[in-house]
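In the text below, chain A, chain B and the rest are named by the order of the sequence lines, each starting its count at 1. Because the structure is a prediction, the values reported are computed rather than measured.
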Protein chains: 2
Amino acid sequence: MREQTQRATHDRPDGKHWGRNSMTEMAESLPVADRLARDIRAMLISGELKPGQRLSEAAFSERLNVSRNSLREAFRLLTKEGLLQHEANRGVFVSVPSMSSIIDIYRVRRLIECGALLKAWHLHPAVRTMRQAVEAAKSCRLRSDWQGVGSANMTFHAAVVDLSDSARLNAFYAGIAAELRLGFGLLGDPEDLHSPFIDMNDEIVTLVENNRSAEAASRMGDYLTLSERVILKAFEKTL
Amino acid sequence: MREQTQRATHDRPDGKHWGRNSMTEMAESLPVADRLARDIRAMLISGELKPGQRLSEAAFSERLNVSRNSLREAFRLLTKEGLLQHEANRGVFVSVPSMSSIIDIYRVRRLIECGALLKAWHLHPAVRTMRQAVEAAKSCRLRSDWQGVGSANMTFHAAVVDLSDSARLNAFYAGIAAELRLGFGLLGDPEDLHSPFIDMNDEIVTLVENNRSAEAASRMGDYLTLSERVILKAFEKTL
DNA sequence: AATGTCAATATCGTTGAACAATCTTTTAAT
DNA sequence: ATTAAAAGATTGTTCAACGATATTGACATT
């Protein structure tokens with residue numbers, strides 16, 4: 001509810017107001033800090049902002065055309081999400097994924113994803129989303145679109161969590177996934193980082209569809225150990 | 001890495017600096033927004049701030065001797081935690097727990113706490129914490145200190161989550177627990193809201209100590225269904 | 001009396017500037 | 001080269017201002 005798109009009857013004389021940066025952009029209804037958080041988050045997972053990099057308040061607020069205050073609100077949000085790190089009187093930095101953070105994240109994933117699968121109901125709407133994600137991934141693989149494969153993979157696992165029917169769990173997992181992508185960014189999107197997992201996902205969703213939840217959960221456990229190992233392996237090379 | 005405790009060799013001449021408001025208070029090194037968030041969080045779980053209540057920026061910033069900007073940063077943090085709710089152009093309100101939010105929270109608890117127990121190791125340090133919390137609760141019960149029982153209960157379940165050895169899971173659970181306490185606030189701390197659960201906790205930790213994790217997890221499932229039912233029951237009366 | 005309209009008022013949303021505190025870099029001295 | 005002091009840059013926090021939106025209250029209409 002509550003739309004907000006009547007504007008007019010004002011016609012202020014100064015012409016600099018609504019001009020963001022690029023033209024043809026007038027929606028953007030949400031508060032500035034939230035929009036900033038979303039945009040910066042996107043820059044983080046796209047790799048445009050690299051781990052360890054310092055984010056100067058002055059530079060960023062000018063670049064994004066917002067006040068320092070608003071920017072700081074966004075920084076605080078992202079810091080709480082774990083994507084940024086705050087050092088007193090020194091500024092905020094892009095979090096650098098470490099072995100221990102990867103391990104921690106996979107502990108979370110194992111608990112949540114396996115737990116969700118274990119009690120999954122085979123007619124849950126999320127199952128359909130899982131299936132679609134798998135098919136999309138396959139399709140992308142044919143086109144060697146590894147970025148697309150990675151994206152479909154994220155969708156798949158988010159759908160797994162959604163099996164639990166918990167808004168809080170979904171939100172939490174979204175944050176975890178974003179943090180993990182920060183780690184992926186360091187490794188690029190090579191074929192063998194995603195491709196082998198498509199078939200495991202397929203197996204898993206098939207098991208769920210056939211109401212064999214326990215086996216699905218077990219298979220997910222295998223998936224996660226394998227995935228974790230691949231990432232840690234690729235990780236220690238960059239060390 | 002990077003500790004932050006060398007400071008000195010500065011000794012600035014002006015003496016008015018660290019005086020906050022009341023005297024005899026000189027530590028408080030953390031940023032204002034974080035301190036605010038902590039304090040307001042305390043007011044929320046103590047019931048000093050009641051669900052549904054609106055928190056005026058002007059009034060609160062004056063009362064706490066901080067600027068509106070700093071207060072807004074804290075509000076944003078607490079909103080992300082789910083303790084406050086933000087309505088555009090209307091302000092922030094203390095979240096009012098609902099049936100659906102209680103149910104959601106218990107879904108989270110079941111998944112996380114049972115999952116953590118299922119793979120618990122009987123020599124994990126957290127087991128000791130669990131045992132101590134149970135004994136503390138018993139001791140409080142003898143003294144009819146139901147507030148203390150509730151507190152010990154919180155400690156117990158936090159320790160259960162800590163069995164998973166995941167910093168992120170611990171942090172997430174802390175938020176969930178705070179949100180749940182918001183709901184408790186509406187119900188007071190009567191004996192029969194906490195007392196019957198002390199023995200179940202005892203059972204659970206005993207099972208873990210004897211390396212019978214699966215049974216412990218199952219028992220925790222019982223605990224949670226029961227606890228949820230009690231709360232929902234007490235809840236629909238206030239409706 | 002109930003309802004709808006419109007101005008008056010209070011708040012939020014966001015910004016920009018200001019200043020103290022602290023970190024970093026440069027410069028100077030031993 | 002090492003250390004100390006001064007200069008410069010950045011963060012931490014506050015304040016004041018103003019547009020936009022919501023709420024309140026007065027007033028008119030049915």
Original post:
Is there a donor-acceptor contact under 3.5 Å linking the side chains of B:Tyr106 and B:Ser227?
Top reply: yes

**OP:** Could you label the plane-to-plane angle of the B:Phe172 and A:Phe172 rings as parallel, tilted or perpendicular, counting under 30° as parallel and over 60° as perpendicular?
**Re:** parallel

Original post:
Starting at CG of A:Leu30 and ending at C1' of C:dT14, how long is that distance when rounded to a whole Å?
Top reply: 14 Å

Original post:
Between A:Ser100 and A:Ser98, does any side-chain donor sit less than 3.5 Å from a side-chain acceptor?
Top reply: yes

**OP:** Identify the two heavy atoms, one from A:Ala37 and one from A:Leu78, that lie closest to each other, and give their separation to 0.1 Å.
**Re:** O-CD2, 3.8 Å

**OP:** Would you kindly compare B:Arg68 and A:Ala88 by the position of their nearest DNA chain C nucleotide and give the one closer to the 5′ end?
**Re:** B:Arg68

Please list, for nucleotides 6-10 of chain D, all pairs of protein and nucleotide N/O atoms separated by less than 3.5 Å.
| residue | atom | partner | partner atom | Å |
| --- | --- | --- | --- | --- |
| D:dT10 | O3' | A:Arg54 | NH2 | 2.7 |

Original post:
Taking only N and O in the side chain of A:His86, is any of them less than 4.0 Å away from OP1 or OP2 of D:dG12?
Top reply: yes

Subject >> Contact under 4.0 Å: A:Ser70 side-chain N or O vs C:dT15 OP1/OP2 >> reply: yes

Original post:
Any chance the side chains of A:His124 and A:Asp165 put a donor and an acceptor closer than 3.5 Å?
Top reply: yes

Original post:
Rounded to whole angstroms, how far apart are CG on A:Leu71 and P on C:dT14?
Top reply: 13 Å

Subject >> Atom-to-atom span, CZ of B:Arg72 to C1' of D:dT14 - whole angstrom >> reply: 15 Å

Subject >> Distance, rounded to the nearest Å, where B:Phe75 contributes CZ and C:dG13 contributes P >> reply: 11 Å

Original post:
How would you list all residue pairs meeting ring-ring contact (aromatic ring centres under 6.0 Å, His included) that involve residues 63-101 of chain B, not counting sequence neighbours?
Top reply: none

**OP:** Provide, to the nearest angstrom, the distance between the CG atom belonging to B:Asn69 and the C1' atom belonging to C:dA18.
**Re:** 13 Å

